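Here the structure comes first, spelled out in structure tokens, and everything after it is commentary.
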Amino acid sequence: MKTFKNMVISGLVGIGIGMIWMAVDLVLSVNGQSIENAKMFVSSFLFWLVASFLIGVFFYLASWIFDKDQWSLRKQVVVNFFVCFAAWLLLNLYLNNWQFSWTLVFSAFASFVIMYVIAYGLYFWHLWKDVKNINQRLGYSKY
């Protein structure tokens with residue numbers, strides 16, 4: 001049950017990040033026009049809502065790589081990064097009707113790095129705070 005709860009929480013975090021991402025993309029798409037001219041179809045909004053949730057769930061499932069205790073943290077992060085990037089690139093190719101271009105790859109990579117840093121940056125920051133609190137309770141003031 002805890003796994004399901006964490007998966008749903010990750011999906012909801014994915015929605016939060018995805019909706020911010022969508023709003024920024026919508027604002028940038030008006031090309032200097034008034035923001036009132038920005039339009040989005042309900043079907044597009046619902047697609048991004050569901051896609052953002054699924055991306056959040058995928059990030060949660062991909063985080064199971066960090067359970068590999070035999071691997072170093074560097075190896076875990078690198079493998080996790082490329083597994084997630086491969087899925088992100090496939091999503092971007094799907095959204096562009098499987099039309100490959102280097103511009104698509106570079107833009108997908110740039111957007112993925114931003115999203116990855118936000119998602120795992122927040123995760124590691126939260127983990128760091130938990131370790132700090134545990135150390136304080138144990139009487140270690142060094143952290």
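Just so you know, these numbers come straight off a predicted model, no measurement behind them. Because only heavy atoms are used, hydrogens play no part in the values below, and waters and symmetry mates are left out as well, while side chains stay in.
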For this session: Starting from the C-alpha separation in whole Å, work towards a yes-or-no answer on side chain to side chain contact (heavy atoms under 4.5 Å, CB included) for Met7 and Phe58.
Result: CA-CA 9 Å; Met7 195 178 306; Phe58 181 82; over 6 Å; no

For this session: Begin with the C-alpha distance, continue with both residues' side-chain angles, and end with the deciding distance and a verdict on side chain to side chain contact (heavy atoms under 4.5 Å, CB included) for Tyr60 and Val57.
Result: CA-CA 5 Å; Tyr60 172 74; Val57 169; 5.5 Å; no

Problem set entry | Atom of Val8, atom of Phe53 and distance for their closest heavy-atom approach | O-CE1, 3.9 Å

Problem set entry | Min side-chain heavy-atom separation Val13-Phe59 under 4.5 Å | no

Exercise. Roughly how far apart are Ser10 OG and Ile15 CD1, rounded to 0.5 Å?
Worked result: 11.5 Å

Problem set entry | Pairwise side-chain contact, Val42 with Phe45, heavy-atom cut-off 4.5 Å (strictly under) | no

For this session: Could you note down all residue pairs passing side-chain hydrogen bond (donor to acceptor under 3.5 Å, both in side chains) where residues 84-96 supplies at least one of them, sequence neighbours left out?
Result: Trp88-Ser111

For this session: Output the distance between atom NZ (Lys132) and atom CZ (Arg137), rounded to the nearest 0.5 Å.
Result: 13.0 Å

Seminar exercise, completed: Quick note, side-chain hydrogen bond (donor to acceptor under 3.5 Å, both in side chains) partners involving residues 47-59, not counting sequence neighbours, are none

Problem set entry | Within-4.5 Å side-chain heavy-atom neighbours: Val77 and Tyr116 | yes

Exercise. Are Phe66 and Trp64 connected, step by step, through hydrophobic side chains (Ile, Leu, Val, Met, Phe, Trp, Tyr) whose heavy atoms are closer than 4.5 Å?
Worked result: yes

For this session: Examine distances only and state if a side-chain atom of Ser107 and a backbone atom of Leu104 form a donor-acceptor pair shorter than 3.5 Å.
Result: yes

Exercise. Taking the six-membered ring for Trp, are Phe112 and Phe81 ring centroids under 6.0 Å apart?
Worked result: yes

Exercise. Got a donor-acceptor contact below 3.5 angstrom from the Gln99 side chain to the Leu93 backbone?
Worked result: no

Problem set entry | Closest non-hydrogen atom pair, Ala62 against Asn80 | O-ND2, 2.7 Å

Exercise. Heavy atoms, side chains only, cut-off 4.5 Å: are Val79 and Phe82 in contact?
Worked result: no

For this session: Determine, using the 4.5 Å side-chain heavy-atom cutoff (strictly less than), whether Leu95 and Met19 are members of one ILVMFWY cluster.
Result: yes

